[in-house]
Amino acid sequence: MATSLRTDACGQLGRADVGRTVHLGGWVHRSRDLGGLVFIDLRDRTGLLQLAFGPAWSSAEASATAAAVGVESVILCEGEVVAREAERINPDMATGDIEIRVTSIQVVGPAVTPALPVARGRGEKMAAEELRLRHRYLDLRRPELQNNLVLRHRLLQVSRRFLSDRGYLELETPILTKPTPEGARDYLVPSRVHPGEFYALPQSPQIYKQLFMCSGFDRYFQIARCFRDEDLRADRQPEFTQIDIEASFIQREDIFTLAEGLIGALWREAGHEIPAQFERMSYADAMETYGCDRPDLRYDLRLRDYSATFAKLDFVVTKTALAAGARVRGLVVPGGAAWSRKQVDELEALAKSAGAGGLLRLRRADGAYDGPLAKFLTDETGAEFALQDGDLALFVAAADRIASPALDRVRQECAKRLDLIDDEAARFLWVLDFPMFEEDPETGALAAVHHPFTASHPDDMQAHPDHPARWRALAYDVVLNGTELGGGSIRTSDPAVQSRMFTLLGIGDTAEQERRFGFLLEGLRAGAPPHGGIAFGFDRIAMLLSRAPSLRDVIAFPKTTAARSLFEGAPVAVSMHDLDELGIQVKRSGDSA
RNA sequence: GGGGGCGUAGCUCAGUUUGGUUAGAGCACUCGACUGUCACUCGAGAGGUCGCGGGUUCGAGCCCCGUCGCUCCCGCCA
């Protein structure tokens with residue numbers, strides 16, 4: 001870290017340096033003026049270091065400058081590294097056993113009073129996020145965010161080295177691309193040369209990486225910036241980074257091995273050893289047992305089908321539902337019988353917000369059943385629920401597409417309440433065999449669950465050639481503790497099959513297919529190897545590994561939930577002149593479409 | 001597009017329940033004192049469009065309507 005202006009970085013000095021004369025530069029983190037003595041905690045990205053000013057070694061001018069300098073100002077100084085006497089050691093500071101006896105100091109970057117504090121007292125809350133984003137240059141000085149971005153850097157380097165070492169080429173793809181008709185909304189960029197025509201920013205480099213395979217670059221990766229114009233969340237930004245990977249002459253297992261190795265390397269870089277191979281579960285099992293395609297395996301609370309038992313009960317609600325072809329599924333919550341009526345009502349509200357009509361409850365306490373079902377139970381049917389004393393059973397009688405998400409939410413909330421989640425556990429999971437298509441319950445129209453370039457399971461296509469809704473996709477997701485880290489698939493490399501996929505998705509017109517996806521179909525027709533790949537949400541991985549509560553804490557300049565950048569103020573209105581040149585007319589707000 | 005939370009000094013917050021004199025505290029800031037502090041301590045001071053607009057009222061930080069911003073969630077995110 002030595003330069004012509006400094007010999008050392010603050011956090012890298014230690015007892016071994018005692019006696020050395022050093023030149024330092026950094027920010028005034030805090031200062032303490034005791035009259036005759038002045039102390040400054042000097043900060044740079046490597047850490048904090050105490051500067052000491054006293055009449056025995058500093059000039060009166062230096063002490064006066066130190067006493068007057070404001071926090072967050074940048075100073076240069078010269079002094080001697082001194083060991084602190086035993087009773088003056090600060091055990092809470094990494095460099096707390098030394099200090100610098102400063103002989104000269106220069107304020108090179110005086111700072112106005114900071115708009116928000118960088119140095120916080122113990123227990124002092126952070127400034128509001130709005131202010132942190134508006135004054136991001138200050139917020140980024142906080143050691144927490146500095147550490148997050150340093151870890152992010154290390155994870156990027158590990159990714160590049162891991163993939164490069166295995167023959168993967170880092171290849172770039174365009175940022176100005178073609179709008180895609182499906183999927184998320186595109187960010188559009190007007191063309192000046194062709195008024196009325198638009199580029200789109202890429203949602204992912206999907207088609208380009210497949211064309212790389214057609215061109216013979218059989219192992220590709222990219223740390224790719226992607227853009228989606230959808231509403232934000234704590235774990236969703238409009239502009240984000242993927243580790244994008246594609247390879248040729250491979251099958252699913254090859255991708256699994258590579259991905260497990262890469263994730264292992266990333267977790268190791270952050271100090272965690274993880275299993276060499278991840279657990280596996282089919283999509284169907286995940287939905288049946290957890291009601292969710294990215295189950296959190298750190299706790300049990302599995303869902304079960306209780307339809308057979310309910311069929312024996314003369315209970316109107318469930319009888320009607322069963323007669324209509326629905327199922328009754330539910331879960332048993334050990335200890336849940338102790339919850340109050342209100343607490344269980346809150347669970348029901350969760351289930352309802354997910355679309356369920358209600359949440360049926362059965363309690364067993366002091367050897368007796370309690371709840372609307374209780375009077376319908378016989379010894380035999382009661383036993384089938386297998387409730388222990390203190391258990392609460394919760395059921396939803398509905399079609400799977402309603403019951404699964406509702407029970408998923410109830411299950412998650414129960415785990416939180418019962419404190420069943422081990423924060424230190426890491427349950428990595430491959431979810432396999434996603435369905436190829438999703439059927440609109442009203443229109444029957446098919447939509448791709450993964451994306452239209454995913455290959456279908458060949459057995460399914462053969463067994464049910466006329467029922468594409470029953471085809472499984474050769475798609476896979478990596479899930480950690482209920483969070484999706486990434487996903488991918490084996491792609492369709494046969495242009496005729498790809499064309500049929502478009503037809504199934506409602507793009508039947510050949511001319512239309514060529515217009516939208518011609519460049520991919522041409523690539524496939526020119527000789528395509530079997531290929532597939534995967535993409536990881538890099539920001540989310542960085543967030544998990546730095547234990548940050550929000551994606552915004554691992555992105556240097558993030559957007560707000562309204563997709564605004566508070567620091568530079570984007571987006572902004574542009575001048576009429578610029579719009580004219582682009583051939584664009586803006587509707588005033590309130591104009592109807 | 002929908003629902004919840006928040007918005008008072010540079011920062012973090014109290015005050016809003018039940019409208020009533022001059023809107024408070026801690027930190028930061030300014031000035032002063034202090035030779036071993038490390039969240040230094042002590043004394044003094046300055047600092048306010050109570051997000052913004054409108055309404056009700058003799059009187060609004062507080063009640064009502066609207067609006068803006070941040071945030072969490074649902075929808076959305078092939």
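Treat the numbers as computed from the prediction; the structure is a model and nothing was measured. Here is how names work: the chains are called A, B, and so on, in the same order as the sequence lines, proteins then strands, and each is numbered from 1.
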Asks: Side chains of A/Ser204 and A/Gln242: donor-acceptor distance under 3.5 Å anywhere?
Replies: no
Asks: Answer yes if the side chains of A/Thr503 and A/Gln513 hold a donor-acceptor pair under 3.5 Å, and no otherwise.
Replies: yes
Asks: Quiz question: by atom type and distance under 3.5 Å, do the side chains of A/Gln412 and A/Asp408 form a donor-acceptor pair?
Replies: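 Side-chain D/A pair, A/Gln412 to A/Asp408: present.
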Asks: When rounded to the nearest Å, what value does the distance between P atoms of B/G51 and B/U41 take?
Replies: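 About 32 Å, rounded to a whole number of Å.
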Asks: Mind checking A/Pro452 for me? I need base, sugar-phosphate or nothing, with any heavy atom below 4.0 Å counting as a touch.
Replies: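 Answer is base: heavy atoms of A/Pro452 come under 4.0 Å of a base.
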Asks: Remember a base hit wins even if backbone is also touched, and classify A/Ser204 as base, sugar-phosphate or nothing at under 4.0 Å, heavy atoms.
Replies: base
Asks: Can A/Arg236 and A/Asp231 be counted as an ion pair, charged N to O under 4.0 angstrom?
Replies: no
Asks: I'd like to compare against my own output: the B/S/- annotation of nucleotides 70-77 of chain B with a strict under-4.0 Å heavy-atom distance to protein.
Replies: SBSSBBBB
Asks: Rounded to the nearest angstrom, tell me the gap between atom CG in A/Leu131 and atom C1' in B/C13.
Replies: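 Going from CG in A/Leu131 over to C1' in B/C13 covers 14 Å.
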Asks: Taking the side chain from A/Asn90 and the backbone from A/Asp92, do they hold a donor-acceptor pair closer than 3.5 Å?
Replies: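 Answer holds: yes.
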Asks: Would you kindly give the CG-to-P distance between A/Asp139 and B/C11, to the nearest whole Å?
Replies: 14 Å
Asks: Using the C1' atom on both, measure B/C29 against B/U16 and round to a whole Å.
Replies: 29 Å
Asks: Once ring-ring contact (aromatic ring centres under 6.0 Å, His included) is applied, what residue pairs with a partner in residues 38-68 of chain A remain, sequence neighbours excluded?
Replies: none
Asks: If we take the P atom in both B/C58 and B/G19, what is their distance in whole Å?
Replies: 15 Å
Asks: How far, in whole Å, is B/G3 from B/C11 if one measures between their P atoms?
Replies: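 The same atom, P, in both gives a distance of 30 Å.
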Asks: Could you measure between the two P atoms, the one in B/C76 and the one in B/G1, and give it in whole Å?
Replies: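 These two P atoms come out 15 Å apart once rounded.
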Asks: To the nearest Å, give me how far apart NE2 (A/His135) and P (B/G10) are.
Replies: 11 Å
Asks: Could you tell me whether A/Arg15 atom CZ has more than 12 heavy atoms of other residues or ligands within 6.0 Å of it?
Replies: yes
Asks: Roughly how far apart, to the nearest Å, are B/A60 and B/G20 at atom P?
Replies: 11 Å
Asks: Answer with base, sugar-phosphate or nothing: what part of the nucleic acid does A/Val38 contact at a heavy-atom distance below 4.0 Å?
Replies: nothing
Asks: Any donor-acceptor pair under 3.5 Å linking the side-chain atoms of A/Ser489 with those of A/Arg491?
Replies: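 Per modelled atom types, A/Arg491 and A/Ser489 side chains form a pair under 3.5 Å.
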Asks: B/C11 P sits how many Å from A/Arg142 CZ, rounded?
Replies: 15 Å
Asks: Give the ring-plane orientation class for A/Phe567 versus A/Phe557, where under 30° counts as parallel, over 60° as perpendicular and anything between as tilted.
Replies: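 Ring orientation of A/Phe567 relative to A/Phe557: parallel.
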Asks: Let's test this: given Watson-Crick or G-U wobble pairing with both distances under 3.5 Å, identify the partner of B/G48.
Replies: none
Asks: Taking OP1 and OP2 of B/C11, is either one under 4.0 Å from a side-chain nitrogen or oxygen of A/Lys125?
Replies: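 No, A/Lys125 has no side-chain N/O under 4.0 Å of OP1/OP2 on B/C11.
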Asks: How does each nucleotide of nucleotides 30-40 of chain B score, in 5' to 3' order, for protein heavy atoms under 4.0 Å: base (B), sugar-phosphate only (S), or none (-)?
Replies: ----BBBBBBB
Asks: Return yes if a side-chain donor-acceptor contact under 3.5 Å exists between A/Ser353 and A/Arg409, otherwise no.
Replies: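 Present: a donor and an acceptor within the cut-off.
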Asks: Between B/C64 and B/U57, how far apart are the two P atoms, rounded to whole Å?
Replies: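 Straight-line distance between the two P atoms is 16 Å.
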Asks: Taking atom P in both B/G43 and B/C27, compute the distance separating them and give it to the nearest angstrom.
Replies: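 Per the computed distance, 11 Å lies between those P atoms.
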